[in-house]
Amino acid sequence: SKKYYLMDPYLPNRKKKLKKTRLLIPLFILIVIIGGGLVYWLFFSSFWQVQVLEIKGLKKLTEEQITDGLKEKLTSNNFLLWPEGEVVVSNFPLVANLQIEKSFFDRKISIEVQEREALGVWCTYPADSQECWWFDNKSLLFEKSPKPEGSLIILIEENEEKVKIKIGKRGFSDKLWSKMKKIISSNIVRDLSIYKFVIDRQKEEVVAETVSGFKIYLSLRFDPVINIKALEKLIAKDDFDLENISYLDLRVKNRLYYK
């Protein structure tokens, strides 16, 4: 009798797949080795470590403070992981601007720091427990300050205890600050020897106190420039005697009152 052997019709395909698998495994291992080596070379080898770190523009802050402040944005000293361009360092209000440049040729990091410049001093209320800070041209409070004396430094004071101001925050919104800045930048500060501006936030008004003892009442509800120019013309007159003035009132638009 004859014997018949049944052949598996899928056997050739299985052999082909097995052959492909045997070829792919070494290829996969090779890719893993090359990829792992590349990752190690890019992120862990000493080749890509920062070789030179240069920090310029510091006046009050130190290099150590700047590098410590950047640690929250850096996971390592790898040159490739350093940010580039403008970087915000929120934990240093004294820093107005920080720019980072990278040089791939020598793996050099250059940091240019611009520290804030003080426009004046801003103090809380009441006077017996006052805290004061330097503020810049955007009204941002950036550094502790003693309370100034005399009229050489612009002093702004709150008139309510419930008003909470603190370092790293702005004293005024854009709307109010644009008007307040025009007041403190005007010639009347020098001409009338103003030594302090007291803010009334509820009324949106400012009381300027002079060395001579009289006060100037101003409004933040409208652009103060027109009234200030009228005041400048008034005090420029030869027959106008400031010594006999009790107050000057500029709180009504296009009007100037004095006594």
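Residue Arg116 holds its CZ atom at 5.0 Å from CG of Asp136, rounded to the nearest 0.5 Å. One finds the OG atom of Ser246 at 6.0 Å from the NZ atom of Lys259 (value rounded to the nearest 0.5 Å). Between the CD1 atom of Ile199 and the CD atom of Glu160 there is a distance of 10.5 Å, given to the nearest 0.5 Å. Distance check: Arg190 CZ to Leu152 CG gives 13.0 Å after rounding to the nearest 0.5 Å. For the atom pair OG1 of Thr124 and NZ of Lys166, the computed distance is 14.0 Å after rounding to the nearest 0.5 Å. Atom-to-atom distance recorded for Ile55:CD1 and Leu98:CG is 8.5 Å, nearest 0.5 angstrom.
At least one side-chain heavy atom of Ile66 sits less than 4.5 Å from a side-chain heavy atom of Leu61. Considering only heavy atoms from C-beta on, Trp134 comes within 4.5 Å of Ile153 through its side chain. In this structure, the side chains of Leu155 and Cys123 come closer than 4.5 Å at one or more pairs of heavy atoms. Counting heavy atoms from C-beta outward, Lys179 and Lys181 have side chains that stay 4.5 Å or more apart. With a 4.5 Å cut-off on side-chain heavy atoms, Val87 and Gln99 do not count as touching. For the pair Tyr247 and Tyr217, the minimum side-chain heavy-atom distance is below 4.5 Å. Between Phe197 and Ile154, the closest side-chain pair of non-hydrogen atoms falls below 4.5 Å. Using a 4.5 Å heavy-atom threshold, the side chains of Phe142 and Trp133 count as separate.
Arg170 contributes a side-chain N or O that, together with a main-chain N or O of Lys138, makes up a donor-acceptor pair within less than 3.5 Å. Side chain of Glu115 to backbone of Lys59: a donor-acceptor contact under 3.5 angstrom is found.
Linking Ile, Leu, Val, Met, Phe, Trp and Tyr residues whenever their side-chain heavy atoms come within less than 4.5 Å leaves Tyr125 and Val121 in two separate clusters. A continuous path of ILVMFWY side-chain contacts below 4.5 Å connects Leu231 to Phe214, so both sit in one hydrophobic cluster. Linking ILVMFWY side-chain heavy atoms closer than 4.5 Å, directly or via other members, places Val50 and Val113 in a single hydrophobic cluster. Val198 and Ile194 are not part of a single hydrophobic cluster, where members link through side-chain heavy atoms under 4.5 Å apart. Cluster annotation: Ile156 is connected to Ile167 through the hydrophobic network of ILVMFWY side chains, with a link wherever side-chain heavy atoms come within less than 4.5 Å.
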Review point. Does the pair Ile100 and Trp82 meet the rule for a side-chain contact (heavy atoms from CB on, under 4.5 Å), with working shown?
Key: CA-CA 9 Å; Ile100 297 178; Trp82 272 74; 4.2 Å; yes
Practice item. Applying side-chain contact (heavy atoms from CB on, under 4.5 Å), run through Asp200 and Val207 and close with a yes or a no. Key: CA-CA 8 Å; Asp200 188 328; Val207 180; over 6 Å; no
**Study point:** Derivation of the side-chain contact (heavy atoms from CB on, under 4.5 Å) call for Glu54 and Lys56
**Key:** CA-CA 7 Å; Glu54 180 184 50; Lys56 297 180 289 184; 4.0 Å; yes
Practice item. Please test Asn137 against Glu117 for side chain to side chain donor-acceptor pair (under 3.5 Å), starting from the C-alpha separation and ending with a verdict. Key: CA-CA 8 Å; Asn137 62 357; Glu117 294 185 6; over 6 Å; no
Exercise for review: Given side-chain contact (heavy atoms from CB on, under 4.5 Å), test Thr210 with Lys215 step by step and report yes or no.
Suggested key: CA-CA 6 Å; Thr210 66; Lys215 296 180 179 181; over 6 Å; no
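Between the side chains of Tyr195 and Glu209, at least one donor-acceptor pair of N or O atoms lies under 3.5 Å. Side-chain contact of Gln51 with Lys108: a donor-acceptor pair under 3.5 Å is absent, judged by distance alone.
Within a 6.0 Å sphere centred on NZ of Lys147, other residues, nucleotides and ligands contribute more than 12 heavy atoms. When the shell of 6.0 Å around CG of Asp128 is examined, it contains more than 12 heavy atoms from other residues, nucleotides or ligands. Within a 6.0 Å sphere centred on CD of Glu86, heavy atoms belonging to other residues, nucleotides or ligands number more than 12. Atom CD of Glu149 has 12 or fewer heavy atoms from other residues, nucleotides or ligands within 6.0 Å.
Between Arg221 and Glu205 a salt bridge is recorded (basic side-chain N to carboxylate O distance below 4.0 Å). Glu131 has a carboxylate O that lies under 4.0 Å from a charged side-chain N of Lys144, or vice versa, which qualifies the two as a salt bridge. Salt-bridge check for Lys237 with Asp239: failed, with every basic side-chain N at 4.0 Å or more from each acidic carboxylate O. Taking a cutoff of 4.0 Å between a charged side-chain nitrogen and a carboxylate oxygen, Asp223 and Lys182 qualify as a salt bridge. A salt bridge links Glu143 with Lys60; the closest basic N to acidic carboxylate O contact falls under 4.0 Å. Electrostatic pairing of Glu157 and Lys196 counts as a salt bridge here, judged by a charged N lying under 4.0 Å from a carboxylate O. In this structure, Arg201 pairs ionically with Glu158, as a charged nitrogen and a carboxylate oxygen lie closer than 4.0 Å.
For Ser219 against Ile183, the heavy-atom pair with the smallest separation is O-CD1, 4.4 Å. Nearest heavy-atom pair across Leu218 and Ala208 is CD1-CB, 4.1 Å. What you find for Gly168 and Leu140 is that their closest heavy atoms are O-CD1, 4.0 Å. Taking both residues in full, the closest heavy atoms of Val189 and Ile184 are given as CG2-O, 3.5 Å, listed atom of the first, atom of the second, then distance. Closest approach of Phe222 and Leu250 over heavy atoms only: CZ-O, 3.7 Å. Nearest heavy-atom pair, Glu63 versus Leu58, reported as atom, atom and distance to 0.1 Å: N-CD1, 3.5 Å.
Leu256 pairs with exactly one of Ile228, Leu234, Asn227, Ile226 by the side chain to side chain contact (heavy atoms under 4.5 Å, CB included) rule, that one being Leu234.
Checked against the 6.0 Å centroid threshold, Phe135 and Phe172 do not count as a close aromatic pair. Close placement of the Phe79 and Phe104 rings is indicated, their centers lying within 6.0 Å of each other.
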